[in-house]
Amino acid sequence: MTRTNDSLSPRRAIVIGGSMSGLFAASLLRKAGWQTDVYERSDVELRGRGAGIVTHPDLIQSLERSGAELDDLGVTVHERVALDSDGNVIERLPYEQIVTSWDRLHQIMRATIPRGTHHLGYSLKAIEQDPESVTAIFENGERVTGDLLVGADGFRSVVRNMFAPEIQPIYAGYVVWRGLADEGLISREAHEAVFEKFAFFLPPQNKNIGYPIAGPNNDLRPGHRRWNWVWYRAVARAELDDMLVDEQGVHHAVSIPPPKVRSDVIARLRKDARDFLPPPMLEILSRVSKPFFTPIYDLLVDRMAYGRVVLIGDAAAVARPHVGMGIAKAGTDAEVLADSIASAPDLLAGLARFERERLPIAGKAVAQGRCLGEYMLDHASPGTRADDAHWREFHSIPGILKHTASSAFLRSA
Ligand SMILES: Cc1cc2nc3c(=O)[nH]c(=O)nc-3n(C[C@H](O)[C@H](O)[C@H](O)COP(=O)(O)OP(=O)(O)OC[C@H]3O[C@@H](n4cnc5c(N)ncnc54)[C@H](O)[C@@H]3O)c2cc1C
């Protein structure tokens, strides 16, 4: 028998993964009266993932509901601009948005988790469940039993692999290179051209973008910030396999940790950039000490709830980063999870309600990411599908400026 909402003792949630999804789930379930514990595989506090992050109103709402400290969240940009290959502005779109960093978001969400309920160095190995409870078994031999297990363990989710091993990330055919440049090192010309803006350079099959974020220790003072430099580039599977081999000759199966990207792979990036990028983007790359790349994958489950186990965030669905809303999606997943359970007659009914609401949204986000990503691989010359309004929209510079890192599609029919 499942326990009902009027049970007197607090119910216990085991949250696997201490990144953004896990912190949102722990925080919001706790506010709904749950006892929550977060178990993160890493032995040390998480830092430095993902560099720049674009925010959306939905994300701000999830942060507010979690009780996160929102002062000095990031840098506000007021417009988006597209450059030509000489660095001249060829398109503008007024668009106000707060851009921040993964570190900052993690820091303010981490502060919402009470001491003693966040456990580092716990790697989930197995799950057991029966009609009354669910048990997490960790690599260190410890077992923890609760009412609900939240799989917030990212796109290579161990939890998902136990219940839906057939769902695996699918390589999208391109990678994203990234890096941070200190504002103080950027020339006046490049600074004036792009620093305060969300800037794009969009030759066919390439998206080179960037925006300002805080400096180290959330320093928002002019002169002390950084620019988040990003370049999406098509890379064939065989070439990717070579790029995923580190200096020691070890091949990394899905993605390679940033410090391990080989120097000859970075040298090739810098050479291609010299042949290809407009002056401000090229100069800012020259200020990035060690750019790194992440292969782009699609992932979408067909179920989010498996008995007393539920998947949220990237463990359930990865929308390509053009949509810029992985963390916003994680936050709303956690909100809807807490609300669905609170308003349902029992836990399993709540999880079913959560899945009914969130699975279609995850699908929409993944589809929007694919639409924005088509530009990266489409060999058809503009005009081939000129009669297709949707294709034109996602292949036009105004369309890309409008749809990148925007959550407006979630509100359209
Ligand atoms: C280039 C790029 C740009 C992006 N830009 C944006 C943006 O602008 N805005 C935005 O909202 N999102 C953006 N995203 C997406 C965002 O970074 C992710 O969606 C988000 O970090 C997912 O969080 P998560 O907690 O679900 O997963 P993850 O961050 O992957 O965390 C999973 C956690 O689970 C832990 N874990 C894994 N296995 C185990 C185990 N067995 N036991 C215990 N712990 C385990 C891991 O160590 C990790 O800490 C971007 C992503 C990329 C690649």
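In each ligand, atom 1 is the first atom listed, and ligand 1 is the first ligand listed.
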Any nitrogen or oxygen of [X] lying under 3.5 Å from a nitrogen or oxygen in ligand 1? Just yes or no.
X	result
V54	yes
F155	no
R178	no
G326	yes
S21	yes
E40	yes
Y211	no
R41	yes
I312	no
G22	no

SB check [X] [Y] (cutoff 4.0 Å):
X	Y	result
R12	D37	yes
R80	E91	no
E247	K260	no
D264	K271	no

Among side-chain atoms of E40 and Y122, is any donor-acceptor pair under 3.5 angstrom?
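Side chains of E40 and Y122: no pair found under 3.5 Å.
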
Do S187 and E283 have side-chain N/O donor and acceptor atoms under 3.5 Å apart?
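Looking only at side-chain atoms, E283 and S187 do form a donor-acceptor pair, the distance falling under 3.5 Å.
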
Below a 4.0 angstrom heavy-atom separation, can you tell me which part of [X], side chain or backbone, both or neither, approaches ligand 1?
X	result
I16	side chain
S157	neither
V318	neither
V158	side chain
A328	backbone
V176	side chain
M325	backbone
K329	neither

Can you tell me if CG on N217 sees more than 12 non-hydrogen neighbours from other groups inside 6.0 Å?
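Open.
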
Closest heavy-atom pair and its distance - [X], [Y]:
X	Y	value
I98	T55	O-OG1, 2.8 Å
D302	L359	O-CD2, 3.2 Å
P278	F201	CD-CD2, 3.3 Å

Is it true that [X] lies under 4.0 Å from ligand 1, counting heavy atoms only?
X	answer
W102	yes
A405	no
A330	no

Would you say the rings of Y375 and H322 are close, in the sense that their centroids are separated by under 6.0 Å?
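Distance test on ring centres: not under 6.0 Å, no.
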
Establish, for the pair R237 and Y171, whether the NZ or CZ atom is under 6.0 angstrom from the six-membered ring centre and no further than 45 degrees off its axis.
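Yes, R237 sits over the ring of Y171.
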
